[in-house]
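Take a look at the structure set out below.
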Amino acid sequence: MVDKKESKRRGRPRAFDRDAALDSAQALFHAHGYDGVGVAALAEAMGVNPPSLYAAFGSKAALFDEVLDRYAGRSPLADQLKVPGVAPAQALTGMLRLAAHLYAADPQAAGCMVLEGARGSDAEASQCARTRKAGSVAAIADWLRPAHPDQADTVAHYVAALMSGMSADARAGAPAERLEAVAEMGGLAIAAMLARG
């Protein structure tokens with residue numbers, strides 16, 4: 001026999017809004033890095049208890065992986081490479097310029113979460129970020145290869161190195177103007193490299 005009082009007291013569990021939870025987790029990871037955020041703080045920000053966090057995501061690293069997926073999928077940076085009729089050097093310079101502004105736009109979420117995550121000390125979490133970084137480098141190289149087969153890999157890695165440096169500088173408090181100057185100089189180097197072939 002079911003105790004009616006007990007079933008009334010329990011009631012229906014509050015609905016879990018996965019998107020809102022992921023937004024909260026992203027804000028913490030971006031502000032403090034993977035290593036700087038504990039499961040208790042994540043659970044509190046997401047409005048769940050730690051066991052529910054593990055039940056929903058499996059682990060802190062799996063949560064981070066899902067957050068990185070959303071973050072990378074929503075980034076407007078790759079859109080710079082999809083504008084028709086824009087020369088590759090111009091498109092890449094535009095991407096670097098936009099990165100400079102995005103990385104410095106919010107002091108509470110400075111830099112790129114993927115690039116900063118790749119520097120973390122947790123092996124599983126940093127591997128998630130490094131995998132996404134490698135995918136982005138490969139995508140740039142593939143995009144360049146039809147017009148610049150000999151320079152595609154070098155330029156793609158150069159772009160990633162510039163973005164990584166700009167991200168680190170933004171985390172250290174560099175303003176957008178300084179990062180944009182780096183982006184402009186990088187764009188000149190890219191144009192020179194691509195002009196070789």
Side-chain angles (χ1 to χ4, degrees), residues 26 29-36 61 64-83 86-106 109-197:
Q26 179 176 321
F29 283 135
H30 207 151
H32 304 289
Y34 181 87
D35 299 324
F64 185 61
D65 192 40
E66 190 166 337
V67 166
L68 287 178
D69 260 346
R70 289 173 87 242
Y71 174 80
R74 294 176 174 182
S75 172
L77 293 176
D79 295 344
Q80 299 294 306
L81 308 183
K82 298 173 186 169
V83 180
V86 177
Q90 263 185 299
L92 290 170
T93 302
M95 186 171 74
L96 291 170
R97 198 179 295 121
L98 178 58
H101 287 278
L102 291 175
Y103 293 173
D106 181 359
C112 170
M113 194 165 57
V114 172
L115 295 172
E116 297 309 311
R119 304 182 219 273
S121 62
D122 182 272
E124 186 179 356
S126 62
Q127 184 56 52
C128 291
R130 284 195 303 271
T131 298
R132 273 169 195 75
K133 178 183 174 184
S136 294
V137 172
I140 293 170
D142 289 346
W143 174 79
L144 276 170
R145 199 164 280 114
H148 301 279
D150 296 333
Q151 292 86 8
D153 289 326
T154 301
V155 170
H157 284 282
Y158 178 69
V159 168
L162 278 174
M163 293 177 84
S164 187
M166 290 194 307
S167 177
D169 281 356
R171 292 289 287 185
E177 297 75 28
R178 189 181 311 160
L179 300 180
E180 187 169 5
V182 171
E184 296 293 348
M185 290 177 67
L188 294 173
I190 291 166
M193 284 189 272
L194 293 181
R196 294 178 189 169

Discussion item. Is there a salt bridge (Lys or Arg N to Asp or Glu O under 4.0 Å) between R132 and D65? Walk through the geometry before answering.
Written reply: CA-CA 10 Å; R132 273 169 195 75; D65 192 40; 2.7 Å; yes

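- Rounded to the nearest 0.5 angstrom, Q151 CD and M193 CE are separated by 9.0 Å.
- One distance of note links CD of Q26 with CZ of R70; it measures 6.5 Å at 0.5 Å rounding.
- Atom CE of M113 sits about 8.0 Å away from atom CZ of F29, to the nearest 0.5 Å.
- Residues V86 and V83 share a closest heavy-atom pair of CG2-CG1, 3.5 Å.
- Between the D35 side chain and the S121 main chain, a donor and an acceptor come within less than 3.5 Å of each other.
- L102 places a side-chain heavy atom less than 4.5 Å from the side chain of P76.
- Contact record, A170 with A110: O-CB, 3.5 Å, taken as the closest heavy-atom pair.
- You'll find the side chain of S164 reaches within 4.5 Å of the side chain of R119, heavy atoms only.
- The CD1 atom of I140 lies 6.0 Å from the CG atom of L81; values are rounded to the nearest 0.5 Å.
- Pairs passing the salt bridge (charged side-chain N to carboxylate O under 4.0 Å, His left out) check and including a residue from residues 141-160, sequence neighbours excluded, read D142-R145, R145-D153.
- Smallest separation of non-hydrogen atoms from A89 and L194: N-CD1, 3.8 Å.
- The shortest distance between side-chain heavy atoms of F64 and E124 does not fall below 4.5 Å.
- No side-chain N or O of E184 forms a donor-acceptor pair with one of T93 less than 3.5 Å apart.
- Using modelled atom types, one finds no donor on one side chain facing an acceptor on the other under 3.5 Å when comparing R171 with S167.
- Considering only heavy atoms from C-beta on, M95 comes within 4.5 Å of V159 through its side chain.
- Here the shortest heavy-atom pairing between M166 and Y103 reads C-CD1, 3.9 Å.
- Looking at heavy atoms from C-beta onward, I190 lies in side-chain contact with L96 at the 4.5 angstrom threshold.
- Closest non-hydrogen pair, A176 versus A104, comes out as N-CB, 3.6 Å.
- Between L92 and W143, some side-chain heavy-atom pair lies under the 4.5 Å cut-off.
- Enclosure of atom CZ in R130 by more than 12 non-hydrogen atoms of other residues, nucleotides or ligands within 6.0 angstrom is indicated.
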Item to complete: Evaluate the criterion side-chain contact (heavy atoms from CB on, under 4.5 Å) for residue pair R178 and D169; output intermediate values, then yes/no.
Response: CA-CA 9 Å; R178 189 181 311 160; D169 281 356; 5.6 Å; no

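- Under the 30°/60° scheme for interplanar angles, the aromatic rings of Y71 and H30 are found to stand perpendicular.
- Residues K133 and L115 are in side-chain contact: their nearest non-hydrogen atoms beyond the backbone lie under 4.5 Å apart.
- With S126 contributing its side chain and A123 its backbone, the two residues share a donor-acceptor pair below 3.5 Å.
- Scored by the side chain to side chain donor-acceptor pair (under 3.5 Å) test, Q80 finds no partners at all (sequence neighbours excluded).
- Nearest heavy atoms, L162 versus G186: CD1-CA, 3.6 Å.
- A distance-only check finds a donor-acceptor pair linking the side chain of Y34 to the backbone of A61 [under 3.5 Å].
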